[in-house]
Amino acid sequence: MGVKNNSLQNPLTMYPHEKFPMQKQEAPGLDSKMLPVPDCGEDTYIGCGRLTGRKALITGGDSGIGRAVAIAFMREGAEVAVTCLPEEKDDIRTLTKLFEKEGKTLIAIEQDLREEKVCRQVIQEAADALDGMDILVLNAAVQTAQTDINQLSAEQIRETFEVNVFSPMFLSKAAIPYLPAGASVIFTGSAEYYTPNKILMDYAASKSAVVAFSIALSKYLIEKGIRVNTVCPGPVWTPLEVSGGNPDEGIPVHGIDTPMKRPGQPVELAGIYVFLASNESTYATGEIYGITGGLSSL
């Protein structure tokens, strides 16, 4: 499993750790326009059939962590559907071509997930297209940095919670009738749950809510034989950072404050999602997995 080169690699030097070029995009941002382009596993992730026959829906699967999870799941044998926004078509186009090159079909659903009725439609569409569903990855999120709390508007707070908290709640609720015993639900939390940043107050609060909900949901769904876990990434090189999630001065030094002195690449998180989706983690539920470059141990 994991990256192409299975020889020992120094995690401090295997990915860029120098300053990034200053760059900005309009939200939601695209992988393809980032410098350097994030490693989502296109050329580096090798699967070995750990999810053969499985059917997965990944929200926010066009770029960043969601894209890396989609590629990993596909190469592990799963059928994959992803959600995206219309503005993210360019990244979806390249992901679709990658799937087609490998003889697979990507089901892409363009929807804004903030409304409950839309979430119900998305679950129905994905389940119909996949002919079932046994993996649900709740990954879509927004993040907007504000250095001054007076600039933290009610509109921003509302949008943050609608996307980061309400939509995974709505999607989880809608998906339950489709999920059989043995299914896996995986939330994307954040290191902001461990170490909330003063410029990400609404985002940190939303991710703390997501973690609490995931643990409560795990207690509810285990009676049905369904496991629920959360991955809490630290700083990762994704479009969130260059489309408002980081202030201008923070982009060149993104991740430098971790013990590894660099941000993670999306592919470095893909393996934990594969593990949690697979039968290798059948005794794991209600757990929180920090993939933070050492931040969670500070």
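Keep in mind it's a predicted model, so treat the numbers as computed, not measured.
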How about Ser63 and Pro239: do any of their side-chain heavy atoms sit closer than 4.5 Å? yes

Between atom CD1 of Ile199 and atom OG1 of Thr147, what is the distance when rounded to the nearest 0.5 Å? 7.5 Å

I'd like to know if the side chain of Ser278 reaches the main chain of Arg50, judged simply by a donor and an acceptor atom lying under 3.5 Å from each other, with no hydrogens or angles considered. no

Just wondering, more than 12 heavy atoms not from Lys33 lying within 6.0 Å of its NZ? no

Distance, nearest 0.5 Å, that separates OH of Tyr203 from OG1 of Thr144: 10.5 Å

Arg75 (side chain) donor-acceptor with Glu42 (main chain) under 3.5 angstrom: yes

Hey, would you say the Tyr15 and Trp237 ring centroids sit under 6.0 Å apart? no

Compile the donor-acceptor pairs under 3.5 Å between side chains in residues 267-275 and protein atoms, sequence neighbours left out, one pair per line.
residue, atom, partner, partner atom, Å
Glu268, OE1, Arg262, NH1, 2.9
Glu268, OE1, Gln265, N, 2.8
Glu268, OE2, Arg262, NH2, 2.9
Tyr273, OH, Thr188, OG1, 2.7

Non-hydrogen side-chain atoms of Met22 and Glu249 separated by less than 4.5 Å: no

Please check if any side-chain donor atom of Asn197 sits under 3.5 Å from a side-chain acceptor atom of Glu192, or the reverse. no

Would you say Ile107 ends up clustered with Leu136 if hydrophobic residues are merged whenever their side chains have heavy atoms under 4.5 Å apart, either directly or through other cluster members? yes

Distance, nearest 0.5 Å, that separates CE of Met14 from CG of Asn10: 9.0 Å

Once rounded to the nearest 0.5 Å, what's the spacing between atom CD1 of Ile92 and atom OG1 of Thr94? 8.0 Å

Could you pull out all residues at least two apart from Asn150 that satisfy side-chain contact (heavy atoms from CB on, under 4.5 Å)? Asp148

Treating Arg227 as the side-chain partner and Ser281 as the backbone partner, does any N or O pair qualify as donor plus acceptor under 3.5 Å? yes

Looking only at heavy atoms, what is the nearest atom pair of Gly61 and Leu95, with distance? O-CD2, 3.3 Å

So if you build clusters from Ile, Leu, Val, Met, Phe, Trp, Tyr with side-chain heavy-atom gaps below 4.5 Å, do Ile288 and Leu217 land together? no

CG (Asp62) and CG (Asp31) are apart, to the nearest 0.5 Å, by 7.5 Å

Transitive ILVMFWY side-chain link Tyr193 to Val165, under 4.5 Å: no

Can you check side-chain contact (heavy atoms from CB on, under 4.5 Å) on Glu88 and Leu85, steps first, answer last? CA-CA 5 Å; Glu88 297 164 328; Leu85 295 171; 3.5 Å; yes

Are the side chain of Asp91 and the backbone of Ser32 linked by a donor-acceptor contact shorter than 3.5 Å? yes

Result for side chain to side chain contact (heavy atoms under 4.5 Å, CB included) between Met260 and one of Leu12, Thr292, Thr13 points to Leu12

Please check if Val118 and Leu138 belong to a single hydrophobic cluster, counting links between Ile, Leu, Val, Met, Phe, Trp and Tyr side chain heavy atoms closer than 4.5 Å. yes

Verify the neighbour count for atom CD of Glu115: are there more than 12 heavy atoms of other residues, nucleotides or ligands below 6.0 Å? no

Quick one: does Phe99's side chain get under 4.5 Å of Thr105's, heavy atoms only? no

As an exercise, state the distance from CG of Leu171 to SG of Cys119, rounded to the nearest 0.5 Å. 4.0 Å

Once side chain to side chain donor-acceptor pair (under 3.5 Å) is applied, what residue pairs with a partner in residues 209-218 remain, sequence neighbours excluded? Ser214-Thr230

Closest approach of Gly189 to Pro233 (non-hydrogen atoms, all atoms of both residues): O-CD, 3.5 Å

Step by step, would you call Glu116 with Lys173 a side-chain contact (heavy atoms from CB on, under 4.5 Å)? CA-CA 10 Å; Glu116 183 173 14; Lys173 179 181 173 183; 3.3 Å; yes

Is His254 reaching over with its side chain to a backbone N or O of Val236, donor-acceptor style, under 3.5 angstrom? yes

Which pair of heavy atoms, one from Tyr178 and one from Pro180, lies closest together, and at what distance? O-CD, 3.3 Å

Distance-only, no hydrogens or angles: does the Asp134 side chain make a donor-acceptor pair with backbone N or O of Leu179 under 3.5 Å? no

Could you go step by step and tell me if Tyr45 and Cys40 meet the side-chain contact (heavy atoms from CB on, under 4.5 Å) rule? CA-CA 8 Å; Tyr45 189 94; Cys40 292; over 6 Å; no

Validation row: Arg93, Asp90 side chains within 4.5 angstrom (heavy atoms): yes

Sub-4.5 Å side-chain heavy-atom contact between Val185 and Ile226: yes

Given Asn139, Val122, Val137, the one that forms side chain to side chain contact (heavy atoms under 4.5 Å, CB included) with Thr59: Asn139

Are side-chain heavy atoms of Leu113 and Val163 found at a separation under 4.5 Å? no

Can you check side-chain hydrogen bond (donor to acceptor under 3.5 Å, both in side chains) on Thr44 and Asp39, steps first, answer last? CA-CA 8 Å; Thr44 51; Asp39 183 356; 3.0 Å; yes

Under a 3.5 Å distance rule, please check whether Ser153 uses its side chain to pair with a backbone N or O of Gln156 as donor and acceptor. yes

Intermediate values then yes/no, side-chain contact (heavy atoms from CB on, under 4.5 Å), Phe73 and Ile135: CA-CA 10 Å; Phe73 280 12; Ile135 303 170; 3.7 Å; yes

Backbone N or O of Val142 within a donor-acceptor pair of the Asn164 side chain at under 3.5 Å? yes

Here the pair of heavy atoms bringing Pro259 nearest to Leu295 is CD-N, 3.9 Å

Taking the side chain from Lys55 and the backbone from Leu130, do they hold a donor-acceptor pair closer than 3.5 Å? yes

Result for side chain to side chain donor-acceptor pair (under 3.5 Å) between Asn246 and one of Lys24, Gln143, Glu241 points to Glu241

Salt bridge between Glu76 and Arg54, side-chain N to carboxylate O under 4.0 Å? no

Would you check if Pro196 and Met201 make a side-chain contact, meaning some heavy-atom pair closer than 4.5 Å? no

Can a donor-acceptor pair be found, under 3.5 Å and without considering hydrogens, that links the side chain of Lys104 to the backbone of Glu79? no

Decide whether Leu106 and Met74 are clustered together by the hydrophobic rule: side chain heavy atoms of Ile, Leu, Val, Met, Phe, Trp, Tyr closer than 4.5 Å, transitively. yes

If you look at every heavy atom in Pro168 and Phe213, which pair is closest and at what distance? O-CE2, 4.3 Å

At their closest point, which heavy atom of Pro28 faces which heavy atom of Glu87, and how far apart are they? CD-CB, 3.9 Å

